[in-house]
Amino acid sequence: MTKEYIDGATAIARGALAAGCNFYAGYPITPATPILLHMERELPKVGGVAVEAEDEIAGIGMCIGAVMGGARAMTATSGPGISLYSENIGLAIMGETPLVIVDVQRMGPATGGATTTAQGDIQFIHWGTSGGYPIIALAPSSVSECYGLTRKAFDLAERFRCPVFLVVDKEMVSSLATVEIEAYEEVPVRERRLAPEAVGDRDPRWRPEETYLPYDFQPVDAVQPMSHFGGPHIVRFTTSSHDEHGFLTKDAKKVGRLNTHLDAKISAHRDEIELGRLDRQDAAEVLFVAYGTTARAMEEAVQRARAAGQTVSALVVQSLWPLPKTLLAEALQGIRRVVVAELNLGQYRREVELIALRLAVRNGGQPPIVEGLNRVDGEQITPEQFLAMLAGGTP
Amino acid sequence: MAEQAIKLTSDDYKSGVKPIWCPGCGDYAVYNAVLNALAELKVPFHKIAIGSGIGCSGRFPAFVKSYGFHGVHGRALPLATGMKMANPELTVLAIGGDGDGFSIGGGHLAHAARRNVDLTYIIMDNEIYGLTKGQPSPTSPQGMVRKASPYGTLEQPLNPLAMILAANASFVARGFSGRPKDLAVLVKRGMEHKGFSFIQVISPCVSWYNTYKKFRAIAKMLPEDHDTSDMGAAMKYAQDTETLWLGVFFERKALAYHELEANLQKQVHQDGYGVKSVVDRFLR
């Protein structure tokens, strides 16, 4: 058994390289900068490109351009940078660009606490661009998971042709941890699906767009293969509502179909995305829910509680978005009281509570009490705080 | 496969989607100049990528038979940069207007220039926001009265050529839609230049600010003996507001961004660096 002592930034960068990432562009920002440093140092060694962009808008913009040109791209930033990414996140959704975006959360709002940890971007990344379309977000809770879930993020980006967030926080990225090499999970990363070669010579009569329609979705939740700029088909990429060729259109039928597609391709396939670790204990009536670094304190608290003879179940949510409804429904079975722990004022709790209420209405039972264990002072939630909640205390 | 053995004319580079600019718009001259340059340089369709942002210029890529991207407002340059770096074989053009390129996207201009990204950036400058119906732009003259500036603008116009010269762009030129033949020559020269080519085209807006007459009266080609390697002389002509000087102001040879990157990759290349060794060697 080989052990090493590394931080989350290193694991994320390794995961990206192992997933075939060959383009990175980003702007320095605490606490995401370590990822930029790794990519700047390592990418050229494998024939890749890393760019320190002039700002965050350019950083994500370059990534989108690179993906159109055939690259696998990643960018990383923190909350203030996500604000600047916002419009281009919409572009990546509209242009169906596979792209991994790492959000290393720090205390907000505004500049907040640049070196202070938080989990305050959970709703922000979900609804962080205009129009209201789904995104995918994964949240590792350990350094080894940073590696595996970065790979998973690249895989899902290819599967659904959309931006995928890897949501971590300052502590995850910059705190060192002892990791057993064997704990790194080699999550399979699928190859990019490309449109077949066009038929015929490339002469003035070349009309390969007639053999491949990049935005023709049959059925509406299907994801079209890509064709790169420089590839065998004339393709067009546009920020505007477009027809099956990629030309701007106002045809209500076509616009409606496109927008339905952008939602359906993800919403209809939640089961391929849901990820989490449910640790159920028979007869437990209390369920702890946490994600990211907060889950680590939770897992320690669960061990200590059980060692002391108490019963408690615990759920680590790894796929924050789309909301893992099946996983939450399973976790909520037989539960009387839920404690959702997070470094914000209850952003995920409201989702859990809604699911719990809906399940109770559907099944005709009494909904569980859903409480929050929250901190917004830059400190981590401790195992003792979880144990106090289990003992019936309030936060 | 024989790549375009047939002789191509500029018409062959039309996409089949007809431009929707107002009749008489200066942008038609730029469109024709680009089609002409592509035909003369015999660039295969599948090697051309044209990108834009938002504005009357935004629709440009749709009218050319090439790969095209139409990004969000002001961000054509970052997208074009990423694309060129991912696929250096592409001939990349970015098209913008004075609002897209000098206002909302102004922050990217100097950086594309200092990276010397090998692309041609054409700004169709009409000194007004045309698509949104006539608001003053960063190149509008001071005192311009419009609905959005009912008492006249207080701001001075930018001098795009002086700005881009200060950023040490490797190719700087200005054309005028009122002189389409000279413009066609400039666009071709810009595309032939290796590195970042910046071409400001005075492209009047017939609907909201028709400047054909004003600029015809003062437009003049740069003197034949203008030394395009002389930054000082270029800056002097750029700052002359009495005459609208046209032609190549400045040109210098320098390695393009993708060439520098390729050199770097060669220099730091490590044999056998792969997925397995990522874990073994990374950070050691």
Side-chain angles (χ1 to χ4, degrees), chain A residues 4 6 10 13-14 17-18 20 22-23 25 38 42 44-49 51 53-55 57-71 73 87-88 90-91 95 147 181 184 186 201-204 206 208 228-240 246-248, chain B residues 1-6 8-9 12 15 17 44-47 49 51 53-54 58-59 61-62 65-87 89-90 107-108 110-111 115 257-258 261 264-265 267-270 273-276 278-279 282-283:
Chain A
E4 61 174 353
I6 70 161
T10 310
R14 283 182 187 173
L17 286 160
N22 56 8
F23 191 93
H38 287 309
E42 298 302 314
K45 295 181 193 170
V46 293
V49 176
V51 183
E54 58 267 30
D55 57 29
I57 299 172
I60 184 171
M62 287 177 191
C63 287
I64 293 171
V67 173
M68 282 188 263
E87 193 181 16
N88 272 328
L91 180 64
Y147 176 81
I181 297 280
Y184 295 118
E186 302 296 345
D201 283 350
R202 285 167 171 162
D203 66 20
W206 187 51
H228 297 140
F229 281 42
H233 303 274
I234 291 180
V235 284
R236 291 170 195 283
F237 176 98
T238 175
T239 180
S240 296
F247 287 122
L248 187 150
Chain B
M1 124 176 25
E3 290 199 350
Q4 293 176 354
I6 303 160
L8 294 174
T9 68
D12 292 319
S15 69
V17 177
F45 306 122
H46 65 283
K47 300 271 185 196
I54 299 292
R59 299 287 291 277
K65 191 169 168 186
S66 69
Y67 305 101
F69 67 87
H70 176 199
V72 297
H73 200 8
R75 315 301 167 198
L77 284 178
L79 266 69
T81 300
M83 177 163 306
K84 182 71 188 180
M85 296 308 281
N87 187 351
E89 287 189 4
L90 291 168
H108 305 301
H111 300 281
R115 290 189 184 105
Y257 197 38
H258 69 277
E261 182 70 41
L264 169 68
Q265 288 169 349
Q267 192 188 317
V268 299
H269 173 77
Q270 287 182 6
Y273 187 111
V275 176
K276 260 198 155 29
V278 167
V279 172
F282 194 91
L283 247 203

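Numbers restart at 1 for each chain; the letters A, B, ... are given by sequence-line order, proteins then strands.
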If you take all heavy atoms of B/Ala86 and A/Ala71, which pair is closest and at what distance?
CB-CB, 4.1 Å

Could you state the interatomic distance from CZ (B/Phe69) to OG1 (A/Thr239), rounded to the nearest 0.5 Å?
12.0 Å

Using heavy-atom distances under 4.5 Å, tell me whether B/Leu77 contacts chain A through its side chain, its backbone, both, or neither.
neither

Could you tell me which portion of B/Ala62 (side chain, backbone, both or neither) has an atom closer than 4.5 angstrom to a non-hydrogen atom of chain A?
both

Does any backbone or side-chain atom of B/Glu89 lie under 4.5 Å from a heavy atom of chain A? Answer side chain, backbone, both or neither.
neither

Is A/Ser240 close to B/His70 at the side-chain level, that is, under 4.5 Å between some pair of heavy atoms?
yes

Ranking B/Ala80, B/Gly107, B/Pro78 by heavy-atom pairs under 4.5 Å to chain A gives rank one to B/Pro78

If we ignore hydrogens and angles and just use 3.5 Å, is the side chain of B/Asn87 paired with the main-chain N or O of A/Phe229 as donor and acceptor?
yes

Looking only at B/Gly71, B/Ala49, B/Gly74, most heavy-atom pairs under 4.5 Å shared with chain A are made by B/Gly71

Between B/Arg75, B/Arg115, B/Lys84, B/Met85, which shows the greatest number of heavy-atom pairs under 4.5 Å with chain A?
B/Arg115

Name the member of B/Ile54, B/Val268, B/Val72 that forms the most heavy-atom pairs with chain A at distances under 4.5 Å.
B/Val72

Shortest non-hydrogen contact between B/Pro61 and A/Arg236, atoms and distance
O-NH1, 2.9 Å

Counting only heavy atoms closer than 4.5 Å, note whether A/Ala58 contacts chain B via side chain, backbone, both or neither.
both

Is any side-chain heavy atom of B/Arg59 closer than 4.5 Å to a side-chain heavy atom of A/Leu248?
yes

Could you walk me through whether A/Phe247 and B/Val17 pass side-chain contact (heavy atoms from CB on, under 4.5 Å), step by step?
CA-CA 9 Å; A/Phe247 287 122; B/Val17 177; 3.6 Å; yes

To the nearest 0.5 Å, tell me how far A/Lys45 NZ sits from B/Gln267 CD.
12.0 Å

Name the option with the most non-hydrogen atom pairs under 4.5 Å to chain B; the candidates are A/Asn22, A/Asn88, A/Val49.
A/Val49

Which pair of non-hydrogen atoms, one from A/His233 and one from B/Tyr67, has the smallest distance, and what is that distance?
O-CE2, 2.7 Å

Please report the closest heavy-atom contact between A/Met68 and B/Met83, naming both atoms and the distance.
CB-CE, 3.6 Å

Decide yes or no on side-chain contact (heavy atoms from CB on, under 4.5 Å) for B/Lys65 and A/Ile234, but give the supporting numbers first.
CA-CA 8 Å; B/Lys65 191 169 168 186; A/Ile234 291 180; 3.7 Å; yes

Heavy-atom side-chain proximity of B/His108 to A/Ile57 below 4.5 angstrom:
yes

What's the verdict on side-chain contact (heavy atoms from CB on, under 4.5 Å) for B/Thr81 and A/Val51, showing C-alpha distance, side-chain angles and the deciding distance?
CA-CA 10 Å; B/Thr81 300; A/Val51 183; 5.9 Å; no

Work out which heavy atom in A/Glu87 is nearest to a heavy atom in B/His73; give both atom names and the distance.
OE2-N, 4.1 Å

When every non-hydrogen atom of A/Gly48 is compared with those of B/Gln265, the smallest separation belongs to O-NE2, 2.9 Å

